[in-house]
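Here's the structure, in structure tokens; my notes come after.
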2 protein chains.
Amino acid sequence: MTQRSQPLYQEIADELLDEIRSGKLPVGTMMPTEMELCERFGVSRHTIREAIRQLGELGLLTRQAGLGTIVKATEARGTYPQSNESLDALLRYPPETALEVRSSEPVTATLELAKTLGSKVGTEWIKISGVRSVQGQDKPICWTDVYVIPEYARVAEEIGKEPVPVYRVVESLFGEQVTEVKLDLFADGVPESMAEAVQVAAGTPALVVVRRYTGHKKRVFEVSVSVHPQDRFTYSAELRRD
Amino acid sequence: MTQRSQPLYQEIADELLDEIRSGKLPVGTMMPTEMELCERFGVSRHTIREAIRQLGELGLLTRQAGLGTIVKATEARGTYPQSNESLDALLRYPPETALEVRSSEPVTATLELAKTLGSKVGTEWIKISGVRSVQGQDKPICWTDVYVIPEYARVAEEIGKEPVPVYRVVESLFGEQVTEVKLDLFADGVPESMAEAVQVAAGTPALVVVRRYTGHKKRVFEVSVSVHPQDRFTYSAELRRD
DNA sequence: TAGTGGTCTAGACCACTTC
DNA sequence: AAGTGGTCTAGACCACTAA
């Protein structure tokens, strides 16, 4: 018996995913039946179903009793964790937005900040502020405050060089890996302090997007707070049930 | 053996959800263990795990081996656009809020309305307006304009009787079935016309949520536009990569 | 050490689709 | 009638947590 660092169904899901991505199981075709997969992998039906469920949750498959399982898409994460496509899809930023850093400084979480960040009062953070713009547009789409843990302070010097999200920079610089992103969206007025930078009057309605990035060991290593003035940004999501 | 119209694990999930929402299983407390639930409902562990999985997909629970299951929330968090399963769960367990209907009338789509609804100019819709409230709270969480196709006009008389979303009423009245939901979220000021009803000053920042429901034959049968004044509502979403 | 949830097996019956 | 996925049972062993 080979040693396993992950569940059997996960390994099977990975293997099936490879076959879908490589075109061995093309989009639009039928997957092997559960019984065929049971025999092929030498496991019970329950294990196969769990593996298939994993792929189903990614939206790669649709299933119907009496009919079978159909491959619907190839968009997926690989065995080696570097595909952030699904996260990028969630974040919905056009790929060519750039963050122009205005300031960078250490801060200590007050009660209010701690509440926003989901951390404890007194926690140390590096606060990096700036405006994010789409190339070719005069007005920025948002003011962003990015909070990272102190050991990642160096990102401040690196972001802005490339038009990619900050968490991407953290991932590549420090080998951090995003395992979870939590989003909160709500309305607020544009604060006086940001008004000039985003070229609107203070108090103008704004969409505030808070993103909490969780990495190894359930540690939140980055939180970003983006304030989008009215008419600059719409968050879109799409949910299917086939 | 009693006749079942739905799977056992669904019925169990329904019952557990009731207990969470009613406060019988308060947020922050431990759920009964799997074995306890097995004995209580007289089913196998697999069935209990399937029921608990349903609630977990709504973000109501967190689980940890060796520790137990903790109740985290009474209402489903927002959705993330990756999972078919969670759309099912969300459509199955919508948030419990009641709509108090203020008006109901046929309208013809102007250019602006057509843009919002994603329909053509001149299309006929039934517009149902009202305020939506959570039981026990004094101020409503939003003003909502619901647009349904003319043949579903009758929903106007039925909604408000039960604390369920409008699409639910449409589903049960007309046998329509939601296959896809598109969401748009953006910021705007509260219009003069709604200010009094939602008890804020006109121009107050608000989160606007537009939901487009697609049913059979890719037909959009309902669009809802909800205007949530500042501090009344936060949209949450979550994406995991395990 | 006892108990939890996580994984896995080896069966079974069902509603549904296709032939 | 045969085969599919959907549901369900009754076991088992594991890693992890808490006392």
Side-chain angles (χ1 to χ4, degrees), chain A residues 1-16 25 28-57 59-72 179 216-218 241-242, chain B residues 1-16 25 28-57 59-72 83-89 91-92 177 240 242:
Chain A
M1 184 73 92
T2 65
Q3 212 170 3
R4 279 210 318 274
S5 55
Q6 59 175 345
L8 243 182
Y9 68 81
Q10 204 53 267
E11 288 187 1
I12 293 171
D14 287 343
E15 189 155 338
L16 292 174
L25 293 172
T29 63
M30 302 295 288
M31 287 271 291
T33 68
E34 294 183 354
M35 281 314 297
E36 286 170 349
L37 293 172
C38 286
E39 290 174 13
R40 171 178 155 192
F41 290 102
V43 300
S44 76
R45 196 174 156 215
H46 174 82
T47 302
I48 291 296
R49 284 180 66 79
E50 195 61 38
I52 289 178
R53 187 200 290 260
Q54 297 278 314
L55 302 182
E57 282 178 0
L60 303 184
L61 310 172
T62 61
R63 319 197 71 193
Q64 191 173 344
L67 230 170
T69 303
I70 301 171
V71 181
K72 289 294 261 189
T179 57
H216 295 305
K217 295 176 282 187
K218 298 188 176 181
R241 174 171 69 178
D242 293 297
Chain B
M1 181 79 86
T2 66
Q3 210 170 5
R4 280 210 317 275
S5 55
Q6 60 177 343
L8 244 180
Y9 68 81
Q10 281 297 357
E11 289 187 1
I12 293 171
D14 287 344
E15 191 157 335
L16 292 175
L25 292 172
T29 63
M30 302 295 288
M31 287 273 291
T33 66
E34 293 182 354
M35 280 314 296
E36 286 169 351
L37 293 172
C38 287
E39 290 174 12
R40 171 178 156 192
F41 290 100
V43 300
S44 76
R45 195 173 157 216
H46 174 81
T47 303
I48 290 295
R49 283 180 67 79
E50 196 61 40
I52 289 178
R53 190 200 290 260
Q54 295 277 315
L55 302 182
E57 281 176 2
L60 270 38
L61 309 173
T62 61
R63 319 196 71 194
Q64 192 172 344
L67 230 171
T69 302
I70 301 171
V71 180
K72 291 294 259 189
S83 167
N84 290 330
E85 304 244 347
S86 53
L87 175 58
D88 278 337
L91 292 176
R92 178 165 197 85
Q177 195 186 348
R240 283 204 190 85
D242 290 302

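Naming convention: chains lettered A, B, ... in sequence-line order (proteins, then strands); numbering from 1 in each chain.
Taking atom CD of residue E50(A) and atom C1' of nucleotide dT7(D), one finds them 14 Å apart after rounding to whole Å. With rounding to whole Å, Q6(B) atom CD is found 15 Å from dC8(D) atom C1'. With rounding to whole Å, Q10(B) atom CD is found 8 Å from dT7(D) atom P. In this structure, F41(B) atom CZ and dT9(D) atom P are separated by 13 Å, rounded to whole Å. Put simply, NE2 on H46(B) is 9 Å from P on dT9(D), counting in whole angstrom units. Computed from coordinates, the I70(A) CD1 to dT18(C) P distance equals 10 Å when rounded to whole Å.
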So which protein N/O to nucleotides 2-6 of chain C N/O distances come out below 3.5 Å?
unit_1 : atom_1 : unit_2 : atom_2 : d
dT4(C) : O2     : G66(B) : N      : 2.7
dG5(C) : OP1    : T69(B) : OG1    : 3.4
dG5(C) : OP2    : E34(B) : N      : 3.0
dG5(C) : N7     : R45(B) : NH2    : 3.4
dG6(C) : OP2    : R49(B) : NH1    : 3.2
dG6(C) : OP2    : R49(B) : NH2    : 3.3
dG6(C) : OP2    : R63(B) : NH1    : 3.1
dG6(C) : N7     : R45(B) : NH2    : 2.7
dG6(C) : O6     : R45(B) : NH1    : 3.0

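Proximity of S44(A) to the phosphate of dG11(C): no side-chain N or O atom is located under 4.0 Å from OP1 or OP2.
Here the straight-line distance linking atom CD of E34(B) with atom OG1 of T47(B) works out to 11.5 Å at 0.5 Å rounding.
Contact of the R63(B) side chain with the R49(B) side chain is registered, since non-hydrogen atoms from C-beta on lie closer than 4.5 Å. For the pair L37(A)/I52(A), a side-chain contact is recorded, criterion being any heavy-atom separation below 4.5 Å from C-beta on. Two residues are said to be in side-chain contact when any heavy atoms from C-beta on lie closer than 4.5 Å; E15(A) and R40(A) meet this criterion.
Applying the side-chain contact (heavy atoms from CB on, under 4.5 Å) test between L16(A) and each of L55(A), L61(A), V71(A), I48(A) identifies L55(A) as the sole match.
Not a single donor-acceptor pair under 3.5 Å links the side chain of Q10(B) to the backbone N or O of P7(B).
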